[in-house]
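Report on one structure; see the data block that follows.
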Amino acid sequence: MTTSERMKMAAGEWYTCIDPELEALRIAARDALFEHNNLPPRQRGDIGPALRALLGGAGEGARIEAPFHCAYGFNLFLGDRVFLNAGCTILDTATVRIGKGTLLGPNVQIYCAEHHQEAAGRRAGLEIAKPVTIGDNAWVGGSAVILAGVDIGEGAIVGAGAVVTRDVPANATVVGSPARVVTRRWVPEV
(Lines give C-alpha, C1' and ligand atoms only; values in the text may rest on other atoms or scores of the structure.)
Protein backbone atom coordinates (compact mmCIF):
# COMPACT_ATOMS: atom_id res chain seq x y z
CA MET A 1 0.00 0.00 0.00
CA THR A 2 1.31 3.44 -0.95
CA THR A 3 1.38 6.07 1.76
CA SER A 4 0.88 9.64 0.58
CA GLU A 5 3.39 12.36 1.46
CA ARG A 6 0.65 14.07 3.49
CA MET A 7 0.13 10.88 5.52
CA LYS A 8 3.89 10.61 6.11
CA MET A 9 4.01 14.27 7.18
CA ALA A 10 1.13 13.74 9.65
CA ALA A 11 2.79 10.58 11.03
CA GLY A 12 6.08 12.37 11.76
CA GLU A 13 7.98 10.39 9.11
CA TRP A 14 10.34 11.67 6.44
CA TYR A 15 8.27 12.97 3.52
CA THR A 16 8.83 14.85 0.29
CA CYS A 17 7.46 18.39 0.45
CA ILE A 18 7.74 18.63 -3.35
CA ASP A 19 4.40 16.90 -3.82
CA PRO A 20 1.27 17.92 -5.80
CA GLU A 21 -1.17 17.22 -2.94
CA LEU A 22 0.89 19.21 -0.43
CA GLU A 23 1.35 22.03 -2.94
CA ALA A 24 -2.43 22.21 -3.47
CA LEU A 25 -2.92 22.49 0.30
CA ARG A 26 -0.31 25.26 0.51
CA ILE A 27 -2.07 27.13 -2.32
CA ALA A 28 -5.38 26.89 -0.44
CA ALA A 29 -3.64 28.32 2.62
CA ARG A 30 -2.11 31.16 0.58
CA ASP A 31 -5.58 32.05 -0.76
CA ALA A 32 -7.00 32.21 2.78
CA LEU A 33 -3.99 34.22 3.95
CA PHE A 34 -4.36 36.66 1.07
CA GLU A 35 -7.94 37.37 2.17
CA HIS A 36 -6.96 37.69 5.85
CA ASN A 37 -3.99 39.95 5.13
CA ASN A 38 -5.84 42.23 2.70
CA LEU A 39 -9.31 42.71 4.17
CA PRO A 40 -9.89 46.02 5.93
CA PRO A 41 -9.53 45.39 9.69
CA ARG A 42 -13.21 46.04 10.47
CA GLN A 43 -14.25 43.62 7.76
CA ARG A 44 -11.68 40.99 8.73
CA GLY A 45 -12.47 40.94 12.45
CA ASP A 46 -10.23 38.83 14.67
CA ILE A 47 -9.45 36.29 11.93
CA GLY A 48 -10.40 36.46 8.25
CA PRO A 49 -13.32 34.14 7.37
CA ALA A 50 -11.39 31.87 4.99
CA LEU A 51 -8.47 31.56 7.41
CA ARG A 52 -10.79 30.79 10.34
CA ALA A 53 -12.41 28.03 8.23
CA LEU A 54 -8.97 26.62 7.39
CA LEU A 55 -7.54 26.55 10.93
CA GLY A 56 -7.60 23.36 12.96
CA GLY A 57 -9.31 25.38 15.68
CA ALA A 58 -9.61 28.91 17.03
CA GLY A 59 -11.06 29.57 20.48
CA GLU A 60 -13.26 32.44 21.53
CA GLY A 61 -11.53 35.79 21.23
CA ALA A 62 -8.48 34.40 19.39
CA ARG A 63 -6.97 37.12 17.19
CA ILE A 64 -4.40 37.09 14.40
CA GLU A 65 -3.07 40.47 13.29
CA ALA A 66 -2.10 40.98 9.66
CA PRO A 67 0.21 40.23 8.04
CA PHE A 68 0.30 36.57 8.99
CA HIS A 69 1.74 33.52 7.26
CA CYS A 70 1.30 29.78 7.80
CA ALA A 71 2.11 26.77 5.63
CA TYR A 72 -1.16 24.82 5.84
CA GLY A 73 -3.39 26.25 8.58
CA PHE A 74 -5.20 23.01 9.37
CA ASN A 75 -2.45 22.01 11.82
CA LEU A 76 -2.82 25.24 13.84
CA PHE A 77 -4.96 25.24 17.02
CA LEU A 78 -5.44 28.46 19.01
CA GLY A 79 -6.98 28.54 22.48
CA ASP A 80 -9.35 31.21 23.79
CA ARG A 81 -7.94 34.76 23.79
CA VAL A 82 -4.72 33.83 21.97
CA PHE A 83 -3.15 36.88 20.35
CA LEU A 84 -0.71 36.73 17.42
CA ASN A 85 0.78 40.13 16.66
CA ALA A 86 1.68 41.39 13.18
CA GLY A 87 4.21 39.49 11.10
CA CYS A 88 3.99 36.06 12.76
CA THR A 89 4.97 33.05 10.65
CA ILE A 90 3.94 29.52 11.62
CA LEU A 91 5.18 26.73 9.38
CA ASP A 92 2.65 24.17 10.57
CA THR A 93 3.83 21.01 8.86
CA ALA A 94 3.00 19.36 12.21
CA THR A 95 0.47 20.30 14.87
CA VAL A 96 0.98 23.65 16.58
CA ARG A 97 -1.11 24.15 19.73
CA ILE A 98 -1.13 27.54 21.42
CA GLY A 99 -2.84 27.58 24.82
CA LYS A 100 -5.48 30.00 26.00
CA GLY A 101 -4.41 33.50 26.93
CA THR A 102 -1.02 33.17 25.23
CA LEU A 103 0.49 36.21 23.50
CA LEU A 104 2.92 36.15 20.57
CA GLY A 105 4.77 39.39 19.83
CA PRO A 106 5.45 40.78 16.36
CA ASN A 107 7.40 38.62 13.92
CA VAL A 108 7.44 35.47 16.06
CA GLN A 109 8.37 32.43 13.98
CA ILE A 110 7.44 28.81 14.67
CA TYR A 111 9.04 26.13 12.49
CA CYS A 112 7.81 22.52 12.64
CA ALA A 113 9.86 21.24 9.70
CA GLU A 114 13.41 19.96 9.87
CA HIS A 115 15.19 19.48 6.56
CA HIS A 116 17.41 16.54 5.73
CA GLN A 117 21.05 16.87 6.82
CA GLU A 118 22.38 15.50 3.53
CA ALA A 119 22.43 17.83 0.51
CA ALA A 120 20.88 15.13 -1.71
CA GLY A 121 18.01 14.75 0.76
CA ARG A 122 17.40 18.50 0.76
CA ARG A 123 17.44 18.60 -3.05
CA ALA A 124 14.80 15.84 -3.01
CA GLY A 125 12.65 17.97 -0.68
CA LEU A 126 12.94 15.58 2.27
CA GLU A 127 11.82 16.93 5.60
CA ILE A 128 10.32 15.69 8.84
CA ALA A 129 7.66 17.51 10.87
CA LYS A 130 7.68 17.78 14.67
CA PRO A 131 4.86 19.37 16.70
CA VAL A 132 5.16 22.53 18.80
CA THR A 133 3.07 23.20 21.91
CA ILE A 134 2.84 26.44 23.85
CA GLY A 135 0.97 26.26 27.16
CA ASP A 136 -1.69 28.56 28.54
CA ASN A 137 -0.85 32.17 29.45
CA ALA A 138 2.65 32.12 27.96
CA TRP A 139 4.24 35.18 26.41
CA VAL A 140 6.59 34.95 23.42
CA GLY A 141 8.47 38.19 22.75
CA GLY A 142 8.90 39.79 19.35
CA SER A 143 11.10 38.10 16.74
CA ALA A 144 11.57 34.95 18.85
CA VAL A 145 12.07 31.72 16.90
CA ILE A 146 10.67 28.41 18.14
CA LEU A 147 12.09 25.30 16.50
CA ALA A 148 10.51 21.94 15.71
CA GLY A 149 9.52 19.62 18.54
CA VAL A 150 9.62 22.25 21.31
CA ASP A 151 7.14 22.42 24.21
CA ILE A 152 6.82 25.70 26.08
CA GLY A 153 5.21 25.38 29.49
CA GLU A 154 2.26 27.22 30.96
CA GLY A 155 3.05 30.78 32.05
CA ALA A 156 6.52 30.75 30.48
CA ILE A 157 8.11 33.87 29.00
CA VAL A 158 10.32 33.74 25.90
CA GLY A 159 12.39 36.89 25.57
CA ALA A 160 12.40 38.95 22.39
CA GLY A 161 14.78 37.55 19.78
CA ALA A 162 15.31 34.25 21.61
CA VAL A 163 15.90 31.08 19.59
CA VAL A 164 14.14 28.24 21.42
CA THR A 165 15.79 24.91 20.58
CA ARG A 166 14.56 22.83 23.54
CA ASP A 167 11.61 22.62 25.93
CA VAL A 168 10.88 25.50 28.31
CA PRO A 169 9.53 24.64 31.79
CA ALA A 170 6.31 26.16 33.10
CA ASN A 171 6.74 29.68 34.57
CA ALA A 172 10.35 29.92 33.37
CA THR A 173 11.83 32.88 31.53
CA VAL A 174 14.23 32.11 28.68
CA VAL A 175 16.41 34.48 26.65
CA GLY A 176 19.21 34.31 24.11
CA SER A 177 20.34 32.15 21.24
CA PRO A 178 20.05 29.34 22.00
CA ALA A 179 17.49 30.24 24.65
CA ARG A 180 18.42 29.45 28.24
CA VAL A 181 16.50 29.76 31.50
CA VAL A 182 17.32 32.93 33.40
CA THR A 183 14.72 32.64 36.15
CA ARG A 184 11.76 30.68 37.35
CA ARG A 185 9.05 32.86 38.74
CA TRP A 186 6.75 32.17 41.62
CA VAL A 187 3.24 32.66 40.31
CA PRO A 188 0.56 33.55 42.87
CA GLU A 189 -2.89 32.02 42.54
CA VAL A 190 -5.41 34.44 41.02
Side-chain angles (χ1 to χ4, degrees), residues 1-39 44 46-60 62-80 82-84 87-100 102 104 107-136 138 140 144-152 163-168:
M1 181 170 117
T2 304
T3 302
S4 73
E5 298 306 308
R6 182 179 182 179
M7 291 169 67
K8 291 180 197 173
M9 181 177 79
E13 300 171 3
W14 287 100
Y15 66 95
T16 304
C17 63
I18 305 168
D19 174 73
E21 179 186 14
L22 293 178
E23 180 60 17
L25 293 168
R26 289 189 296 266
I27 289 169
R30 287 194 296 266
D31 287 344
L33 291 165
F34 182 83
E35 178 197 73
H36 173 83
N37 291 331
N38 290 288
L39 278 172
R44 178 183 65 234
D46 288 337
I47 302 173
L51 180 56
R52 183 177 291 280
L54 185 67
L55 293 178
E60 185 178 329
R63 181 176 184 84
I64 301 175
E65 291 291 345
F68 173 68
H69 179 77
C70 63
Y72 296 100
F74 56 78
N75 281 325
L76 180 56
F77 297 83
L78 307 176
D80 295 343
V82 165
F83 179 77
L84 277 61
C88 287
T89 297
I90 300 178
L91 301 184
D92 61 325
T93 53
T95 301
V96 175
R97 294 189 183 280
I98 302 176
K100 65 182 178 185
T102 289
L104 272 61
N107 301 309
V108 168
Q109 302 165 59
I110 299 174
Y111 304 142
C112 292
E114 289 186 358
H115 298 282
H116 204 276
Q117 291 186 3
E118 300 295 325
R122 289 191 301 275
R123 279 193 304 275
L126 288 178
E127 57 187 43
I128 193 165
K130 297 179 181 176
V132 170
T133 302
I134 303 175
D136 295 346
V140 181
V145 177
I146 300 167
L147 297 184
V150 167
D151 288 333
I152 296 175
V163 178
V164 184
T165 60
R166 59 181 173 234
D167 293 352
V168 176

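The shown structure was predicted, so the numbers you read here are calculated from the model rather than taken from an experiment.
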What I'd like to find out is whether the side chain of [X] reaches to under 4.5 Å of the side chain of [Y], using heavy atoms alone.
X: Thr93; Y: Leu22; answer: no
X: Phe77; Y: Val96; answer: no
X: Met9; Y: Trp14; answer: no
X: Leu126; Y: Thr16; answer: yes
X: Ile64; Y: Phe83; answer: no
X: Glu35; Y: Asp31; answer: no

Restricting to non-hydrogen atoms, name the atom on [X] and the atom on [Y] that form the minimum distance, rounded to 0.1 Å.
X: Val132; Y: Leu147; result: CG2-O, 3.6 Å
X: Asn37; Y: Ala66; result: OD1-CB, 3.6 Å
X: Glu5; Y: Lys8; result: OE2-NZ, 3.0 Å

Under 3.5 Å, sequence neighbours excluded: what are the donor-acceptor pairs made by side chains of residues 49-59?
none

Counting only N and O atoms by type, is there a donor-acceptor contact under 3.5 Å from the side chain of [X] to the main-chain atoms of [Y]?
X: Asp19; Y: Glu21; answer: yes
X: Glu65; Y: Leu84; answer: no
X: Arg26; Y: Ala71; answer: no
X: Thr133; Y: Asp151; answer: no
X: Asn75; Y: Asp92; answer: yes
X: Asp80; Y: Glu60; answer: yes

Fill in the blank from the handout: Interatomic distance, CD1@Ile90 vs OH@Tyr72, rounded to 0.5 Å, equals 15.0 Å

Problem - Approximate separation, where rounding is to 0.5 Å, of Cys112 SG and Glu127 CD - result: 10.5 Å

Exercise for the section: Take Ile134 and Val150 through the side-chain contact (heavy atoms from CB on, under 4.5 Å) test and state the conclusion after the steps. Expected result: CA-CA 8 Å; Ile134 303 175; Val150 167; over 6 Å; no

Problem - Over 12 foreign heavy atoms within 6.0 Å of CZ, Arg166 - result: no

Practice task
Check the pair Cys70, Leu33 against side-chain contact (heavy atoms from CB on, under 4.5 Å), reporting the backbone distance first and the verdict last.
Solution key: CA-CA 8 Å; Cys70 63; Leu33 291 165; 4.1 Å; yes

Exercise for the section: With sequence neighbours excluded, tell me which residues meet side chain to side chain contact (heavy atoms under 4.5 Å, CB included) with Glu114. Expected result: Ile128, Lys130, Ala148

Handout entry: Partners meeting side chain to side chain contact (heavy atoms under 4.5 Å, CB included) with Asn107 (sequence neighbours left out)
Key = Ser143

Handout entry: Sidechain N-carboxylate O distance under 4.0 Å for Glu23, Arg30
Key = yes

Exercise for the section: Could you tell me whether Asp46 and Arg63 have a side-chain N and a carboxylate O separated by less than 4.0 Å? Expected result: yes

Practice task
Return the orientation label for the Phe68 and His36 ring planes: parallel under 30°, perpendicular over 60°, tilted otherwise.
Solution key: perpendicular

Handout entry: Phe34 six-ring face occupied by Arg44 cation (under 6.0 Å, within 45°)
Key = no

Exercise for the section: Could you please spell out the steps behind the side-chain contact (heavy atoms from CB on, under 4.5 Å) verdict for Ile110 and Leu91? Expected result: CA-CA 6 Å; Ile110 299 174; Leu91 301 184; over 6 Å; no

